[in-house]
Amino acid sequence: MAASNKYKLSSPAAFYPVAGRMIPWFGASAAVLAAIGLWIGLWLAPTDFAQGDAYRIIFIHVPAAWMSMFIYLVMAFWSALGLGFNTRLSAMMAQSLAPTGALMTLIALFTGSLWGRPTWGTYWAWDARMTSELILLFLYLGIIALRNAIDDPRRADRACAVLSLVGAINVPIIYFSVRWWNTLHQGSSVSLSAAPRMAAVMLAGMLILAFAAWFYTIAVALCRVRVIMLERESGSGWVSELFALNIVHLKKA
Amino acid sequence: MNTAAPVPAPASLADSALPAGGIFAALRWSLVRDLKVAMRSRSELGVQLLFYIIVVSLFPLASNPERTLLAAIGPGVLWVAALLASLLSLPRLFAGDYGDGTLEQIALSPHPLEALVSGKILAHWLTAGLPVTLLAPLLGIQYAMDGESLAVLAAALLIGTPILSLLGGIGAALTLGLRGGGSLLALLILPLYVPVLIFGAGAVEAVRAGLGATANLSLLGAGLLVAMVGAPFAAAAAVRIALD
Amino acid sequence: MEFLAMGGYGYYVWGSYGMTALVLALELVSLRARRGRAVAHLRAGGLDHPAAPLAEVLR
Amino acid sequence: MLEAHNLSAERGATRLFSDLSFKVGTGEALMITGANGTGKTTLLRMLAGLSAPAAGEIRWRGQIVKPFDPRLRGAVAFAGHPIALKDELTAEENLAAAAALSGEPASPDAVRSALEVVSLSRQRSLPARVLSQGQRRRIGLARLTLVRRVLWLLDEPVTALDAAGTALLARLVGEHVQTGGLAIAATHTPLILPQVRLHSLALA
């Protein structure tokens with residue numbers, strides 16, 4: 001039974017080399033898109049009359065914020081798949097996305113606060129979107145902490161899957177309640193969404209950088225999932241076979 | 001020695017039929033049993049209630065007890081303390097049964113685990129959430145809150161604290177038997193408590209601002225309905241995962 | 001050098017871009033280190049606990 | 001009829017046992033022996049439907065059962081380690097709760113007679129906290145007689161039992177199996193079960 005699904009993509013043994021081949025492609029396209037995006041954001045886009053050049057931070061802040069939300073939903077998707085069909089690979093994919101998602105949230109937070117300083121005069125103004133990002137960061141850290149607290153990989157996969165699904169249901173509720181709370185107290189004057197009117201070139205810059213971030217995330221996630229496989233499948237045959245070959249190869253060279 | 005043992009005819013239940021009484025029998029079983037166990041260790045309940053009182057009384061010491069300031073921070077303090085009190089009493093929900101092996105018997109019962117878990121969550125609310133709800137208005141007087149906001153505070157807590165128990169039940173089941181369970185549980189669950197905190201404390205704020213709290217209370221009510229339907233399933237799944 | 005000044009907001013703009021680049025670089029470095037540890041662990045026979053006798057490990 | 005087909009189990013990265021197959025029919029008992037850490041308890045928990053095997057499948061009455069399968073939950077009485085008792089509740093309350101949990105609530109005198117079988121009627125209203133390990137094990141036996149289940153899964157049932165207790169255990173298991181039940185026990189000291197078709201399975 002094991003031999004037949006060795007070549008089905010859902011088995012780690014078959015996915016390991018395939019992921020290996022895909023990583024350079026995603027990495028390269030991420031680099032190219034990032035270069036174009038940065039060139040637009042830092043050079044091509046005109047200086048804004050109100051915020052001067054400080055607004056250029058949105059070319060990093062907005063894509064990172066988008067990605068932090070998007071990665072969480074993709075993670076919840078893989079978790080649901082892993083929980084539903086009991087496939088180890090999808091659970092490993094969910095596990096590999098969490099750190100990058102947390103980092104994207106972190107980037108969104110500190111670029112947002114660095115942008116807030118010149119525009120509102122303070123690093124943190126309890127703006128609706130920034131507050132929701134902060135809570136999203138806690139959700140990510142909760143999943144990573146739960147993952148580290150459980151030794152048995154199978155239980156860790158399923159527990160983190162339940163947590164990320166419960167979290168995914170709560171993310172829109174949290175965003176809605178924080179926005180409600182924000183408008184109730186501060187009104188919309190102090191809000192990041194009061195970005196300068198969106199010239200076409202700026203939107204293009206942000207979209208390109210968003211895709212760059214997405215390809216970067218895929219490349220990193222594929223790298224990490226391969227490492228997770230090495231860590232977890234060390235008992236199974238294909239890993240030792242993989243490394244037995246390397247060792248022999250090394251001896252010959 | 002004693003009379004011949006009654007030879008049990010090994011009748012097993014019809015293969016997958018729900019036992020008599022269906023989900024309410026299951027819910028009642030775990031509710032009554034958990035309340036009986038809780039009543040037998042009443043002192044622990046008292047200590048957790050004292051925790052709520054102490055935390056609430058600390059804040060005036062940390063700021064100048066000037067009445068208008070206290071009235072402004074009152075709802076927030078009473079609500080955050082309610083979150084922490086609920087969090088503190090959550091391990092009682094499953095950890096005892098997990099430790100003494102009864103959780104396995106509950107999970108292996110023909111009764112639906114979701115109903116059994118709901119009964120336990122209801123018992124937790126009755127012994128943790130409800131006392132806090134009844135106590136909060138009294139403590140609100142310490143915070144120079146007028147009668148109307150105290151009433152809305154009690155109403156918001158009455159609807160909000162069951163949500164805390166329901167969401168908390170999921171977290172308690174997920175962190176069963178883990179190292180650093182307490183703080184891990186806080187990290188997992190407090191972000192999910194944020195909407196309840198916002199609408200709960202917001203209800204009292206809205207009344208003080210003269211806007212009326214119906215919007216906040218109805219949103220809390222909607223949250224409660226969703227949590228009542230969804231949380232037991234997530235918690236039951238988490239229990240099964242923990243027992244694996 | 002006007003480009004670097006960013007209209008006086010250089011600190012914030014380059015701060016943001018610099019920190020982002022730093023964070024991403026750290027992620028890649030830590031991932032490579034994690035892979036190195038996993039491979040070394042496999043090369044050492046893939047046993048969960050170190051193969052060396054306990055006494056030697058504790059020393 | 002309980003069948004296991006090439007079951008295997010893992011704990012962390014190490015494999016406990018693999019390709020384990022056996023059959024236990026009605027009126028039969030199976031003794032599982034093996035040193036500590038060979039996976040006896042893991043196997044019993046798998047058969048009870050508490051945990052999923054790493055590979056292989058379990059059939060109950062010819063149908064494959066997944067963990068927490070309702071069919072299995074209606075048929076299994078699992079006496080694990082530790083005995084499932086609430087320290088705060090009395091012996092009687094624990095038994096009544098266990099019976100109600102099993103879906104067939106027992107009348108107070110049924111509970112009392114079950115306690116009498118294991119000669120614990122004098123300790124009827126003592127909280128389980130104050131009972132000795134042997135007495136707690138006897139309440140576990142009383143639960144087996146009270147909660148009528150076809151498949152008994154017993155994990156180290158003899159521990160902490162005195163000679164009389166062990167004899168009582170053997171008699172109860174024997175009667176259960178002879179009246180068309182099944183029993184699987186993980187044990188170090190083999191149980192002497194007269195006139196019972198006994199299989200044994202050693203885990204290495």
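Note that the structure is predicted; figures quoted are calculated from it, not measured. Order of the sequence lines fixes the chain letters, A, B, ..., with proteins taken first and strands second; residue numbering starts at 1 for each chain.
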Closest heavy-atom contact between A:A159 and B:L174?
-> O-CD2, 3.6 Å

Flag the pair A:L146 / B:L178 as yes when at least one side-chain heavy-atom distance between them is below 4.5 Å, and no otherwise.
-> yes

CZ (A:R88) with more than 12 external heavy atoms under 6.0 Å = no

Nearest heavy-atom contact between B:L192 and A:G167 is CD2-CA, 4.4 Å

Part of A:D152 within contact of chain B (heavy atom distance under 4.5 Å) | neither

Sub-4.5 Å side-chain heavy-atom contact between B:L176 and A:R155 = yes

Structural part of A:D157 lying under 4.5 Å from a heavy atom of chain B = neither

Best-contacting candidate, A:D151, A:L134, A:L136, A:I143, against chain B by heavy atom pairs under 4.5 angstrom = A:D151

With a 4.5 angstrom heavy-atom cut-off, could you sort out which part of B:A242 is near chain A: side chain, backbone, both or neither?
-> both

Hey, could you give me the CG/CG distance between B:L184 and A:N148, rounded to the nearest 0.5 Å?
-> 9.5 Å

Selection from B:V226, B:T175, B:L219 maximising heavy-atom pairs under 4.5 Å formed with chain A | B:L219

Taking the inter-plane angle between the rings of A:F176 and B:F199 on a 0 to 90° scale, is it parallel (under 30°), tilted (30 to 60°) or perpendicular (over 60°)?
-> tilted

The reported gap from CG in A:L163 to CD1 in B:I189 (rounded to nearest 0.5 angstrom) is 7.5 Å

Taking everything shown except B:F51 itself, do over 12 heavy atoms lie less than 6.0 Å from its CZ?
-> yes

Spatial distance of atom CZ (A:F138) from atom CG (B:L190) [nearest 0.5 Å] | 9.5 Å

Of the listed B:L187, B:I241, B:D244, the one with the largest count of heavy-atom pairs under 4.5 Å with chain A is B:I241

Partner of B:P191 under side-chain contact (heavy atoms from CB on, under 4.5 Å), picked from A:V171, A:L141, A:L139, is A:L139

